[in-house]
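What follows is a short report on a single structure.
Atom set for the values below is all heavy atoms of this structure, side chains included, hydrogens, waters and symmetry mates excluded.
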Amino acid sequence: MNTAKLELDLTQQEPIPPAGVDAALALMASGKLHRYGEVGGKPSEVSALEVEFAKELGATYCVALNSCGASLFVALKAAGVKPGDAVLSNCFTLAPVPGAIAHAGARPVLVDVSDDYTIDLADLERKAAASGAKTLLLSHMRGHICNMHALMAICQRHGVQVIEDCAHTMGAGWAGKATGTWGRAGCFSLQSYKHANSGEGGLLVTDDADIAAQVILFSGSYMLYRSHLARPGDEVFERWKYLTPNFSLRMSNLAAAIARPQLGALLVDRCKRWNQRYAWIAALLAGTPHLRLPQRPADEQFVASSIQFSLLDLSRAQMQQFITACAERGVHIKWFGADDPVGFTSVWTHWRYFGEPQSLPNAERVLGGLCDMRLPLTLSQGDCEAIAAVVRESLSSIDGGVPCAS
């Protein structure tokens, strides 16, 4: 068996497009990094980004914030979530999602996960009926999109509004309808490792004028909300401007200037290239004993900036041995079944600020064997082939004789 170490950085990003670099340098030369000015002038980079992203998604309004997590928090607040309210959410997500619920002072009701890493719709139906929750914070975790028609029907039956976490689904959709446009609001990420990279940033889209006005005020517009170009009319702000606190969660002009050239045609091209890398690795891993790839329906128009697979019938010790063997060969895989949170990766059992642990039997099984790996666009086809070989060979080397095709 080949044991050579791959010299790959799975966190490596593509360079910022020249237009973004030029815009950032011009801003730094001007010193106008704050999105608001107190006197007239041309629209800010942030206002232009909001208009462009709203148009790209076909949304009426867009508000830029300093992170996707901040966007989720203010979306919940603007949608009427009060301290102590129950909020449904996927158990399979990352820490900013439960963090947004905690920030709003709400109480999470976690919904189990399916074998294909999407929200368990049967468990959602049960918990929507039993919990009294009127809001679902739906995470399209790692770009896995459930049957949105079925989910929205469940939520309609139980009077549950939907806020979408689209941190991993910019450019993705279900049956031709973009993620972020199904519920009352959708929240997107511009953090590094996502589909557009400004280091950090969040974009909230909505067709609801009252949500948009509140989010603009929450974000920290002061009384400069008229400088927003993708906003509702003044009469909507009159309903909210004396009732809505300023949380100072604005996006800076610098982040927006870097992000703007990464939308449109470049985003479409990136989505195609990410899915090509996913297809290369998935094809090489398919059929490997003890390894399961998720089933992806034709209606799921995903963008695969990462790949997930499950290892079946392995003990915890064998799982750790596999993760270590891959790392020693230069392939760093995140394991959602680890006892302790590591890096960006944590699970519901680690979020002890929730109080009493919730019973999620599918999650214990599914996440216990779930492996997660970034797919940077810097990977070549040869790199993808080498990564797949390391995964197969590391699995075949596990103590206890786990068989694997080489």
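- Not counting sequence neighbours, Q381 has no partner by the side-chain hydrogen bond (donor to acceptor under 3.5 Å, both in side chains) test.
- Evaluation of the side-chain contact (heavy atoms from CB on, under 4.5 Å) rule for T324 yields Q320, E328 as partners, not counting sequence neighbours.
- For the pair K272 and D269, the salt-bridge criterion is not met [side-chain N within less than 4.0 Å of a carboxylate O].
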Do any side-chain atoms of residues 23-33 form donor-acceptor pairs under 3.5 angstrom with protein atoms, and if so which ones, sequence neighbours left out?
residue: S30; atom: OG; partner: L27; partner atom: O; Å: 2.8
residue: S30; atom: OG; partner: K32; partner atom: N; Å: 3.1

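- Each side-chain hydrogen bond (donor to acceptor under 3.5 Å, both in side chains) pair with one or both residues in residues 357-369, not counting sequence neighbours, appears once here: D115-R365, D120-N362.
- For T244, there are no side-chain hydrogen bond (donor to acceptor under 3.5 Å, both in side chains) partners, not counting sequence neighbours.
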Name each donor-acceptor pair under 3.5 Å that joins a side chain in residues 82-99 to protein atoms two or more places apart or in another chain, with its distance.
residue: K82; atom: NZ; partner: G80; partner atom: O; Å: 3.3
residue: D85; atom: OD2; partner: K82; partner atom: N; Å: 2.8
residue: S89; atom: OG; partner: L137; partner atom: O; Å: 3.0
residue: N90; atom: OD1; partner: S139; partner atom: N; Å: 2.9
residue: N90; atom: ND2; partner: S139; partner atom: O; Å: 3.0
residue: T93; atom: OG1; partner: S139; partner atom: OG; Å: 2.9

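- Both tests hold for R296 against Y278: distance to the six-membered ring centre under 6.0 Å, angle to the ring axis within 45°.
- Under the ring pair (Phe, Tyr, Trp, His ring centres under 6.0 Å) criterion, H103 pairs with F73, not counting sequence neighbours.
- Ion pairing of R316 with D339 is present here, as a side-chain N (NZ or NE/NH1/NH2) and a carboxylate O approach within less than 4.0 Å.
- Considering only residues two or more places apart in sequence or on other chains, S71 meets the side-chain hydrogen bond (donor to acceptor under 3.5 Å, both in side chains) condition with none of them.
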Got a list of side-chain donor-acceptor pairs under 3.5 Å for residues 43-50, not counting sequence neighbours?
residue: S44; atom: OG; partner: V46; partner atom: N; Å: 3.4
residue: S44; atom: OG; partner: S47; partner atom: N; Å: 3.0
residue: S44; atom: OG; partner: S47; partner atom: OG; Å: 3.3
residue: E45; atom: OE1; partner: R260; partner atom: NH1; Å: 2.8
residue: S47; atom: OG; partner: R35; partner atom: NH2; Å: 3.1
residue: S47; atom: OG; partner: S227; partner atom: O; Å: 3.0
residue: E50; atom: OE1; partner: R35; partner atom: NH2; Å: 3.1
residue: E50; atom: OE1; partner: H228; partner atom: ND1; Å: 3.4
residue: E50; atom: OE2; partner: R35; partner atom: NH1; Å: 2.8
residue: E50; atom: OE2; partner: A64; partner atom: N; Å: 2.8

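- Listed by first then second residue, pairs satisfying ring pair (Phe, Tyr, Trp, His ring centres under 6.0 Å) with a partner in residues 305-332 number zero, not counting sequence neighbours.
- Scanning for ring pair (Phe, Tyr, Trp, His ring centres under 6.0 Å) contacts around H168 gives an empty result, with sequence neighbours left out.
- Annotation: ring pair (Phe, Tyr, Trp, His ring centres under 6.0 Å) contacts of H34 (sequence neighbours excluded): Y36.
- The distance from atom CD of Q295 to atom CG of D116, rounded to the nearest 0.5 Å, is 6.0 Å.
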